[in-house]
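As a basis for the values below, the full set of heavy atoms in this structure was taken, side chains included, without hydrogen atoms, waters or symmetry mates.
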Amino acid sequence: MNKQEERVDVVIIGSGASGAAAAWSLAETRMKILCLEQGEWTKPHEYPSTTRDWEARHSTEFSISPNRRARETDYPINELNSPIAVANFNGVGGGTILYNAHFPRFHPSDFRVRTLDGVADDWPIDYETLEPYYDENDRMMGVSGLAGDPAYPPKLELMKPVPLGKTGQTLGRGFNELGWHWWPSDAAIATEPYDGRAECINLSACTSGCAQGAKASTDITYWPHAIRAGVELRTRARVSRILVDENDMATGVVYFDEDGVERFQPAEVVMLACNGVGTPRVLLNSTSNRFPDGLANRNGLVGRNLMFHPYASIQGIFDRPLDGPHGPGVCIWSQEFYETDLSRGYVRGFTYEINRGRGPVSTAYTGVFSGRIPWGEDHHQHYRRMVQRMTGMVAICEDLPEETNTVTIDDELVDSDGIPCPKIDYTLSENSRKMLDFSVNRATEILKTAGAYDILTESPIAGGGWHLMGTARMGTDPERSVVNEWGRSHDIKNLFVVDGSLFVTSAGVNPTRTIGALALYVADSMKKRLATLFD
Amino acid sequence: MNDKVIASETFDSQLRRTLVALLDTMIPANEEFNAPSAGIDDIVNDVIQSMSHDAPLIVGEMLARLNEQSSARFEELDEAARWDLFSELQRTEGHALRTLSGVLLQCYYRNDQVLESLGMEARSPFPLGNAVEQGDWSLLDPVRTREPFYREV
């Protein structure tokens, strides 16, 4: 059936935050490493910020929604049974092409949720285990930030923080007045020249690709180093399934090339790096007589425990000009409500991520469609009360794992190669709803204290499924996890997972920094066990 | 046939006149702010060219219905009568009007004249970028004095 390629030692599926880090780390072993990426290299000169209609292109060809973007390199997702829609990008660099580069670490407590709060499960590793890999990932990605944040243990400081601007100062004063925590956000954005990358020039468009190259997407961080070290990255190669032999060992992967030709890539080790929706999709599509319910799924947990991070958006309108959209999207954060306090009515917590303002088109959309800017004679006056005068925050709430929140395979939906596509079934928990409500109320308090006279909220953000976690969770118990404590499948001893699927819990922070660190940790665990890797 | 050809063919000269009048009703010129009407040629052309998929059909049919609702064509009515009809349109043509509104706002607020009237530079963000002040870092002083509050495990 397939054209067969030359055997490699390791085939990595996916080139985003985790695949890039793992490829770079493994390169020093001199093994033959191949990464298969279904998308293409993006060209910085084609990013929206290089054109006048940057705001419109942000919501079409560079939309975070694969269903809206609908490129040939994307796959559709059935998300009708979810209040939160998936956001991703399929191409070299994966989701880091369109992420905001808000780059917090997990806290020590995030790895001990069961022990501390009696919910979900503890991770099989702890903060101390991951700390050197956080540091290594920080060096490779290039992180800006300010040392001394009382919400965190001490950590590496590489570059000066992103500017406060009028936005950060205005909100900072509000937090100070309330006596609440805030700090300049850690950002995977170069605030000075770093590893061949230019410094940030405040383009306003981080979430549609950084034309300046200041934002750390893995196509410009890890990949140049990995390729120079000998890793092969093959684009327009969409993996449909993993094959196994009679000894329950993976033999390689089947993929479709750019021309739609089906090929077989033999490999000694298969590594999944497709994140929380793509990874279970490949595993669940890899059915066989020995694995009728999909690969690595003997306990039925593949695709279960999907976690998103429910987001609330709370924006204020002020009576004076702020920064507008200018700056990196990242500004300051607050973790005043991060750790559990049961008097708030829920368990666990969230981070406030304070962003900048909106562009002229986005302001008009928000104003008109929320009824704040009328049509007719008064349009201009009301528009001018909003433009450059809006800012606020999102609350990124910890999502606890539930087996009923799932990624499965849709009965009908297929991609352009005919590969069955994912279906999301997700329900917002009562705990998440209470946390969202609390976050909206406290954020309203902050914004009003800072001087906002009008508040706009969206909770949860319907299109805000940026973070895809938990669907191939790690653990020491083969009955309660898909892979072991260093990323190897319990069922298939030469199959590894390195992406957000590994997460046991989601914490209340963006996951990309932890995904990169985890990928480096799994790769390093493999390097330390090369002689006994399959035992 | 691509989207732009469909849009051009949908909006013949007669329907275009109706569209111009409707856009001018939605966002009229404002002398105080030196803001142009949404009915100027540059913006109308951009609106027509920017309609994709089934938007030209949806908007075209809405304009045709608009002309059927009074004794004269929409563009021939006086300002007050246009406003009355537009108000009716807002009640009866939710989907179609929302489709047009989305395209109009996108095109109006990227127009050079409009951006200049707002005091904004009419250019792409890259390569010049934007200036953002560093800010007063002493604002952090109260937070710096706070004891670490992350939970030890």
Is B:Glu121 atom CD crowded by more than 12 heavy atoms from other residues, nucleotides or ligands, each under 6.0 Å away? no
Top residue by heavy-atom pair count (under 4.5 Å) with chain B, among A:Lys166, A:His107, A:Gln169, A:Arg173? A:Gln169
Interchain contact, A:Val162 with chain B, by part (heavy-atom threshold 4.5 Å): backbone
Among A:Ser109, A:Ser49, A:Gly165, A:Pro360, residue most engaged with chain B (heavy-atom pairs, under 4.5 Å): A:Ser49
Min side-chain heavy-atom separation A:Phe369-B:Ser101 under 4.5 Å: yes
If you count heavy-atom pairs under 4.5 Å between each of B:Glu32, B:Met120, B:Glu147 and chain A, which one has the most? B:Met120
Among A:Arg356, A:Glu336, A:Gln388, A:Lys160, which residue forms the greatest number of heavy-atom pairs with chain B at distances under 4.5 Å? A:Glu336
Measuring heavy-atom distances to chain B, does A:Leu146 have an atom under 4.5 Å in its side chain, in its backbone, in both, or in neither? side chain
Given B:Asp112, B:Val114, B:Ile27, the one with more heavy-atom pairs under 4.5 angstrom with chain A than any other is B:Ile27
Ring centres under 6.0 angstrom apart (A:Tyr127, A:Tyr134): yes
Are A:Trp54 and B:Ser124 linked by a side-chain donor-acceptor pair shorter than 3.5 Å? no
Test A:Tyr352 against A:Ile446 for side chain to side chain contact (heavy atoms under 4.5 Å, CB included), laying out the working first. CA-CA 11 Å; A:Tyr352 283 130; A:Ile446 298 158; 3.7 Å; yes
Between A:His379 and chain B, with a heavy-atom cut-off of 4.5 Å, which part of the residue counts as in contact: side chain, backbone, both or neither? side chain
Under 4.5 Å from any heavy atom of chain A, what part of B:Asp141 do you find: side chain, backbone, both or neither? neither
Counting only heavy atoms closer than 4.5 Å, note whether A:Pro153 contacts chain B via side chain, backbone, both or neither. both
Counting heavy-atom pairs closer than 4.5 Å to chain B, which one of A:Leu164, A:Ile332, A:Val361, A:Ile201 comes out on top? A:Leu164
Looking at B:Pro125, B:Gly135, B:Gly129, which has the largest count of heavy-atom pairs under 4.5 Å with chain A? B:Pro125
So A:Thr115 and B:Val153, do their side chains get closer than 4.5 Å, heavy atoms only? no
Under a 4.5 Å heavy-atom cut-off, does chain B meet the side chain of A:Phe175, its backbone, both or neither? neither
For B:Gln90, what residues pass the side chain to side chain donor-acceptor pair (under 3.5 Å) criterion, not counting sequence neighbours? none
Need one label for B:Pro142: side chain, backbone, both or neither, based on atoms under 4.5 Å from any heavy atom in chain A. side chain
Ring centres under 6.0 Å, that's the criterion: do A:Tyr47 and A:Phe62 meet it? yes
Between A:Arg105 and A:Asp110, does any NZ, NE, NH1 or NH2 come within less than 4.0 Å of an OD or OE carboxylate oxygen? no
Tell me, for A:Ala364 versus chain B, whether the close heavy atoms (under 4.5 Å) come from the side chain, the backbone, both or neither. both
Would you call the rings of B:Phe33 and A:His380 parallel, tilted or perpendicular, where under 30° means parallel and over 60° means perpendicular? tilted
Any heavy-atom pair between the side chains of A:Tyr365 and A:Arg358 that's under 4.5 Å? no
Check whether any side-chain heavy atom of A:Ser185 sits under 4.5 Å from a side-chain heavy atom of A:Cys331, and report yes or no. no
Proximity breakdown for B:Glu79 and chain A, heavy-atom pairs closer than 4.5 Å: side chain
Bottom line for A:Thr51: the part with an atom under 4.5 Å from chain B's heavy atoms is backbone
Which atoms of A:Arg112 are under 4.5 Å from chain B, going by heavy atoms: the side chain, the backbone, both sets, or neither? side chain
Quick one: are the ring centres of A:Tyr338 and B:Phe149 less than 6.0 Å apart? no
Would you please indicate yes or no on a ring centroid separation below 6.0 angstrom for A:Tyr152 and A:Trp333? yes
Under a 4.5 Å cutoff for heavy-atom pairs, which residue among A:Asp378, A:Thr167, A:Asp117 has the most contacts with chain B? A:Asp117
Chain A contact via B:Leu128 - which portion, at a heavy-atom distance below 4.5 Å: backbone
Please state whether the side chain, the backbone, both or neither of A:Trp182 comes within less than 4.5 Å of a heavy atom of chain B. both
Tell me, for B:Leu97 versus chain A, whether the close heavy atoms (under 4.5 Å) come from the side chain, the backbone, both or neither. neither
Contact class of B:Ala122 relative to chain A, heavy atoms under 4.5 angstrom: both
From the list A:Pro184, A:Ala205, A:Gly327, the residue making the most non-hydrogen contacts under 4.5 Å with chain B is A:Pro184
Residue selection (most heavy-atom pairs with chain A, distance under 4.5 Å) from B:Glu133, B:Arg151, B:Gln134: B:Arg151
Modelled atom types, side-chain donor and acceptor of A:Thr391 and A:Asp323, under 3.5 Å: no
Taking B:Thr25, B:Leu115, B:Asn30 one by one, which has the highest count of heavy-atom pairs under 4.5 Å against chain A? B:Asn30
